[in-house]
Amino acid sequence: MASSSSSSIMASPSANVSSYDVFLSFRGEDTRDSFTDHLYHALIRAGINAFRDNEDIKRGEELKLEIKKAIKESKGSIVVLSKNYATSTWCLDELLLILEQRKECNHFVLPVFYHVDPSDVRKQKNTFAIEVKASSRWTDNNVKVWKRALKEVANLRGMADQSRPETKLLEKIVYFIYEQLDHKEVHLPINLIGMAARYKDVNFLLNGSNAEFLAICGMGGSGKTTLAKYIFDSNCQKFESMSFIEGIGPKCKESNDLLKLQEQLLRDILGGNKRKKPSVCQGTFKIEEALRVKEAFIVLDDIDEVSQLVALLGSGYINKQSKIIITTRAHSIGKWFQFRSWRCEEYQMKLLDDDESLELLSQHAFGSKSLMVGYEELAKQVLQYCEGNPLALKVLGSSLAEDNSIPFWESTVSLLGRDIHDKIQSVLIRSYSTLPHDSNKELFLHIACFFVGKDIDYVVKILERDYSALSGIKILTNRCLLSVSPNNKLMMHPLLQEMGRTIVHQEAPKDPAKRSRVWRNKDSYDVLRKGKGSETVEGLALDMQMLAQENYSFKHSELKTDALKKMDKLKLLHLSNVQLEGSYENFSEDLRWLCWFGSQLRAIPSDLSMENLVAMDMSYSNLEVFDPPMVLQSLRILNLKDSHNLLEIRNMSRIPHLETLILWNCHSLVHICETIEDLTSLALLNLTGCINLLVGLKVSTSDGGVAKQTTFSFPHSLRRLFFNECNIEFTDSFCLSFSVHISLQYLNLGNSLFEFLPCYDHLKNLRVLDLSFCSRLKWLLCLPSTLAELYIYYCTSLERVTFESPRFTLQEFGYEGCSSLCEIEGFIKLFHITKLEDNDLGHMKWLKEYQNYKVCLVGDDELTKGRSSYLQMLYEFDIMSTSLPDIKGPNMKPNYASKLSFLSFDVPSDPTSRRLKGLDVTFKYTISGDECAWFCKICTTKGVDLIYNPKVFGKPDSGKIGIWLSYWPIGNTLDIGDTVNVSIVAMRGLKVHECGVSLVYSDNEVAEETLINNKGWVEILGGDLSGFQLSTGVYYLCRRDFFELVEAGGLTRGWFRMLVGGTIDHTEVQGWRKTGRPRQSNPSITELRAVRCVIHGPELEEMYKMAEMSKSSFLDKCSDVTSSILGDTSSIASGSSSSNKASPDANDGIYDVFLNHSGRDTRNSFIDHLYSALKRAAIETFRGAPEFYRAGGMMSPRVIKGSRSSIIVLSKNYATSTICLDELLLILEQRREHNRFVLPIYYQVNPSDVRNQQNTFAINVKSSPKWTDHKVNLWKKGLKEVAELGGLVCLGPETTFLKEIVDTINSKLDGKEVHLPPNLSGMATRYQEINSWLNQSDFQFLVICGMGGSGKTKLANYIYNSNLKNFESTGFIEDIDRRCKTLDDLFELQEQLLKDILGGKKRKIPGVSPSTCTFEDALETKRMLIVLDNIAIYSQLLTLLGTGKINAQSKIIITTRENTDSWFKFRDWRCQVHEMRDD
């Protein structure tokens, strides 16, 4: 398993000599330091454990035991057949043993033909022609055996170099070995339950997506890190570099912590030693460079916020072959990637289900998968407490394992919910501790103690003023501390809830009265009984019924209000069935929420402080009159549900901002103050069950009579009205027109007594209308076209429904029990034959003689339930159909018939030239079982392609035959000679016995039918079919979601492909609706669908819910944002950040290194490996394309001039190439004029040959226009000059030599650029001002002043990054003041600054003063650009720079929050000040 880096993942050979993945057999003198060296390291980088023997072998020596053991314990071998391979008896003996292992032990063998012809090996020619020699080893027997072995290995499938780049050959070899080893399988330890399925889901996302990122989100302890480790282990072998950085969030307390993580990440990605970086910005830049070119696999574990991600990875281009996994407690991190070119897949961590949880608990408690007998109930309690959290199950299982006796278990389980385990608390609390605001923490604690399970809008109303609850809840959900259920309830994992309550408990473990919140019934009861309230209490909850159920012994004496008077900061009070005695005077003025179920008060106390009350819930109370004692400016929600004694509500004008009023089941209520009409904010009114409100009964109360309600007017602001179960009748005084209520969105008039309703086409905002159980209602006419949901359940008298627009657009429609319903405009008509006239039936008028026959209808249960079984005609999609018993007669004889379920015919010509109107399609069938699925298909050669499933059809008695008869008016699409194919496709429960088709012409007895006009609409076959058209062009005329039947196992998943044909999948019709293809809902419609009303209280919210209107959008940007940081201003910078560079292959612009080399000598070997090594180190390198050099030209000077350094590879034939020599001259010119770094490499040549121009470097004038006397003299000078430079000579293994080259280049380049985030608003103007000063002013210092957070460091970063290439030396020291706490810290900064300015490794210094002197000397001579960020005091500046002379060409930028006037007053230094301003 991975820990914190990839280095701990891969086993090295030295760590395990008993078993290897692959054995390398090779001839040392040929390839030890070259090809085999590269092969070995390529295998190791891929995580393949390879064995190679590093000792030189003496001729004639026999194999060592170590070698024999290594071959036998390796899974396979690579045999590198090179020029002198067959001259070594050691190699030949290795080959024999390798082939023996292949025969006996399934040992795979890969021959690699390196610079040899495979036929030479097979036929033993040239150096492979081995013969008997006068030697104890070259005997006749040995030679024969070796020859057979050489022939055998040559006949195996192998690989040859074939003049290709060696790195490509190595890639193929590594891939082959990897496939042979089959590293794709991942081992899951037996004690990790449920991980396999999750691994499969996540691995699919990782490998099946083009996204660079995969985010695993979930609460603490849910198994994110464990899952990430599995994915990492099973995929890391496929990548060039890999890194696992664990526990980032807890490690990132200070910016220095981020530096350490950056250094680890760079080491993992680029290899080598840990790379020190002076600042986070520079570290980010270097990582950006690496990610652009490397194929990396990275896991960043436990990321808390996007700033950590950007600091570690930057914001630039990431290699498309890379994969980066993030684990985070953030619920949704889509916004992290919203404005970046990065793409991210999200996986929400699934907690364990009950079976998995029980198995994990048993594993840790008993050491087995099965629970011991007798522990079932106790284990059930543990599972309910943990709710699938793996960490909690492990911790509690281990605790319970200490004593497997039932009494110990009972004792431990009794603590659950009262005392959370420390190991669980320590993991969970970090999500709480890292919340950005104190208000977020307070909000979390309030919800944990009082509001879990409550409606989110309700909670926001109550807590918004004090805790910014709307944004706070979003933050809590994003941190996985909270979730919102589909019906808008606030949900919290029990462990998180207990964690929050434990935090409150620890405020005063022994004294509940001193805690900020008191929620346990026992504690609350004691506080009230003893009168122990204190000013620290902000919330209190007490439920006397629950207290009794908890078996707590308490006295039934009435509680006093005294304790509540002491709670000066009380905001939240929730009482259930609590009787209080005493005065309500001096109650907390901060009270926001008063929830008092079952209160015995008959009226609201006049001395109760309510001026700041936001929500008041007096459900189940004994109130008789509700009369606000004062003006309640803050009250938004008033709930008096089930206050059965309530008679009257007075003075509604005293609640001017009321938004929600709930009077559900206030049966005795007869009067509501008329001023309710004047409320301008009332949006929701629930009068459900107020049966006497409109009756106006004369009653009496303790203080006099109550006037009857003769009329009732609603406020114009109303958006949701529940007026159901009120026995409403349509009268002159109450006409239900809602003529002025244009904001109405939801209207429930169910269980009323009216027969009709007025036209509601003026209610343009109405989305939901519920008229269920209006048994007298006969028709609904001209409903608004904006209506999204209509519910008419059991409106038994309802016959007709029409809409303002003839097109049916309802998203939800409930009509079960409407047994008289015949017409739903735009949807269906279903009439009894007895009610149809002849012209309604057209050519089917003969059906009248069978009108009294009975057929049971099935299909749509809502439509058929309780319906008469007399013959009925269905009109749907312009198709008319009916179901009949097995009748005989001339009208039942089709023109074309088949005993099968399909037939085909060509449209004939008609002798009398009648117009073809359509087709009659019929078939006979029997039905078995309850579920039945079938379709009728018609397709023609002219493109008609229809599939129809009728809403209802007949179900014959068991064993009896039924007939389905239909008319399709598609004659206008048919021409003579067209082929028509008709088929009945039975998916389930139906058997077709025969089918037939008849042609219907215009002069069939009724010449001009009026069928369409009688139906009143033209749909599919004559209108808009778009909602029912599939991607294949087929029209799928169906109003049912058959996917539900698939989920229930009633249909196979291939049913739809069988129906439609081709490759179309059934998921295309998943969610198919009455209107066809699912469409994007209006956000408000979506919210209204799931909810009905806001009723606040635990048992009430389950029934009804109405959400606030809201709109949300998600912007998915997948565009590449590697363009300029400042957009159009990019051209002003002479240099740019890495995110602005094009890749080397796409642009010949700026490179880190230019490779000058002879392709003839080294292109496919050494140069190929050097280029790959530089690329792995994220060093942007240019090497010319082969075709360019074959064309005979020199590389564009712009490439050499634009490169920061050059490597000159001096090989055998280097000086024979005029291209190499011309490039050399330009490289040396850049070195002299622009201080470019040049590194000579002597590859298989003697440096003195170059210096003295001897052997192949002895160049002379030739009879060629290129080899002139002038040119040759210049080239000779160039060769001598480059030979005088310090260079590197290849003397040992090439991989070691390559590492030395890479380290040298890295130390010279030392990527000092800093990372700049994209979209730096307002930076361009400031940059232009300062850049002008930088290039034209003779001031040495620029001071950027401003308050914290004003953007000083970002501006300095940008100036530095875009100018550093113009200076000899550069340095950027970040956040100096914070890092300078001790003298040692100053040492560290000075050492870093000296390294930046003077180059080389970090310089150790004996003290601050000597370092300052050294730096003063450098400042005087070097032309440098330095940024000193966040200088707080003058002494820091003096310590770092001294007081000496500064080179006139140098520029030093300081950022500070201080006034610096006095800093430069008595110095020769000249300073320019730039004040950061607000624009």
Side-chain angles (χ1 to χ4, degrees), residues 816 819 828 830 832-833 844 847 850-877 879-889 891-892 894 897-903 920-938 946-968 982-997 1036-1052 1054-1056 1058-1059 1066 1069 1072:
E816 182 179 333
S819 54
I828 60 166
L830 185 60
H832 286 87
I833 300 293
M844 290 187 182
L847 287 171
Y850 302 104
Q851 63 186 16
N852 292 322
Y853 280 47
K854 291 185 177 182
V855 173
C856 176
L857 292 181
V858 294
D860 184 347
D861 292 339
E862 284 193 282
L863 193 59
T864 59
K865 190 172 184 179
R867 200 173 189 87
S868 166
S869 57
Y870 287 105
L871 289 193
Q872 299 176 59
M873 181 66 74
L874 173 67
Y875 300 92
E876 182 185 21
F877 296 119
I879 300 167
M880 54 188 294
S881 65
T882 188
S883 296
L884 304 165
D886 188 16
I887 59 176
K888 313 292 183 185
N891 293 302
M892 297 307 298
S898 170
K899 293 295 184 181
L900 303 174
S901 61
F902 58 90
L903 59 83
D920 278 348
V921 178
T922 183
F923 73 94
K924 293 185 177 183
Y925 60 96
T926 54
I927 288 179
S928 59
D930 295 327
E931 285 289 350
C932 185
W934 62 274
F935 297 84
C936 181
K937 292 180 61 176
I938 296 180
L946 306 171
I947 301 176
Y948 174 50
N949 172 253
K951 194 69 174 164
V952 296
F953 56 91
K955 180 181 181 180
D957 293 337
S958 178
K960 297 293 182 68
I961 288 179
I963 297 175
W964 185 71
L965 173 64
S966 62
Y967 168 61
W968 302 57
V982 178
S983 59
I984 310 300
V985 183
M987 297 296 178
R988 175 184 171 90
L990 182 140
K991 181 180 179 181
V992 179
H993 294 277
E994 60 181 84
C995 65
V997 174
Y1036 179 68
L1037 310 180
C1038 176
R1039 300 189 189 272
R1040 179 179 177 184
D1041 183 6
F1042 276 98
F1043 188 79
E1044 295 174 351
L1045 202 56
V1046 174
E1047 294 293 286
L1051 284 176
T1052 64
W1055 72 274
F1056 191 64
M1058 180 170 60
L1059 172 66
H1066 70 278
V1069 291
W1072 206 254

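Values reported hereafter were calculated over all heavy atoms of this structure, with side chains retained and with hydrogens, waters and symmetry mates removed.
With a 4.5 Å cut-off on side-chain heavy atoms, Tyr948 and Ser881 count as touching. The side-chain heavy atoms of Val858 and Thr864, taken from C-beta on, include no pair separated by under 4.5 Å. The closest side-chain heavy-atom distance from Ser966 to Asp920 is not below 4.5 Å. With a 4.5 Å cut-off on side-chain heavy atoms, Met873 and Leu830 do not count as touching.
A donor-acceptor pair under 3.5 Å is formed between the side chain of Thr922 and the backbone N or O of Trp964. Not a single donor-acceptor pair under 3.5 Å links the side chain of Ser898 to the backbone N or O of Cys995.
Between Tyr925 and Phe923, the ring planes lie tilted relative to each other; the angle falls in the 30° to 60° range.
Checked for salt-bridge contact, Asp886 and Lys888 meet the test: a charged N lies under 4.0 Å from a carboxylate O. A salt bridge does not link Glu876 to Lys951: none of the charged side-chain nitrogens sits closer than 4.0 Å to a carboxylate oxygen.
For the atom pair CE of Met844 and CG of Leu965, the computed distance is 4.0 Å after rounding to the nearest 0.5 Å. We find the CD1-CG distance between Ile947 and Leu1037 to be 8.5 Å, quoted to the nearest 0.5 Å. In this structure, CZ in Arg867 is found 7.5 Å from CG in Leu857, a value given to the nearest 0.5 Å.
Considering Ile984, Ile927, Val992 as possible partners of Trp934, the one that fulfils the side chain to side chain contact (heavy atoms under 4.5 Å, CB included) test is Ile984.
Counting non-hydrogen atoms of neighbouring residues, nucleotides and ligands closer than 6.0 angstrom, the OH atom of Tyr870 reaches no more than 12 such neighbours.
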(request) Could you walk me through whether Ile879 and Leu946 pass side-chain contact (heavy atoms from CB on, under 4.5 Å), step by step? (result) CA-CA 11 Å; Ile879 300 167; Leu946 306 171; 5.9 Å; no

(message) Using side-chain contact (heavy atoms from CB on, under 4.5 Å), reason through Ser883 and Ile963 one step at a time and then give a plain yes or no.
(response) CA-CA 6 Å; Ser883 296; Ile963 297 175; over 6 Å; no

(request) Give the C-alpha distance, both sets of side-chain angles, the deciding distance and a yes or no for side-chain contact (heavy atoms from CB on, under 4.5 Å) between Glu816 and Asp861. (result) CA-CA 7 Å; Glu816 182 179 333; Asp861 292 339; over 6 Å; no

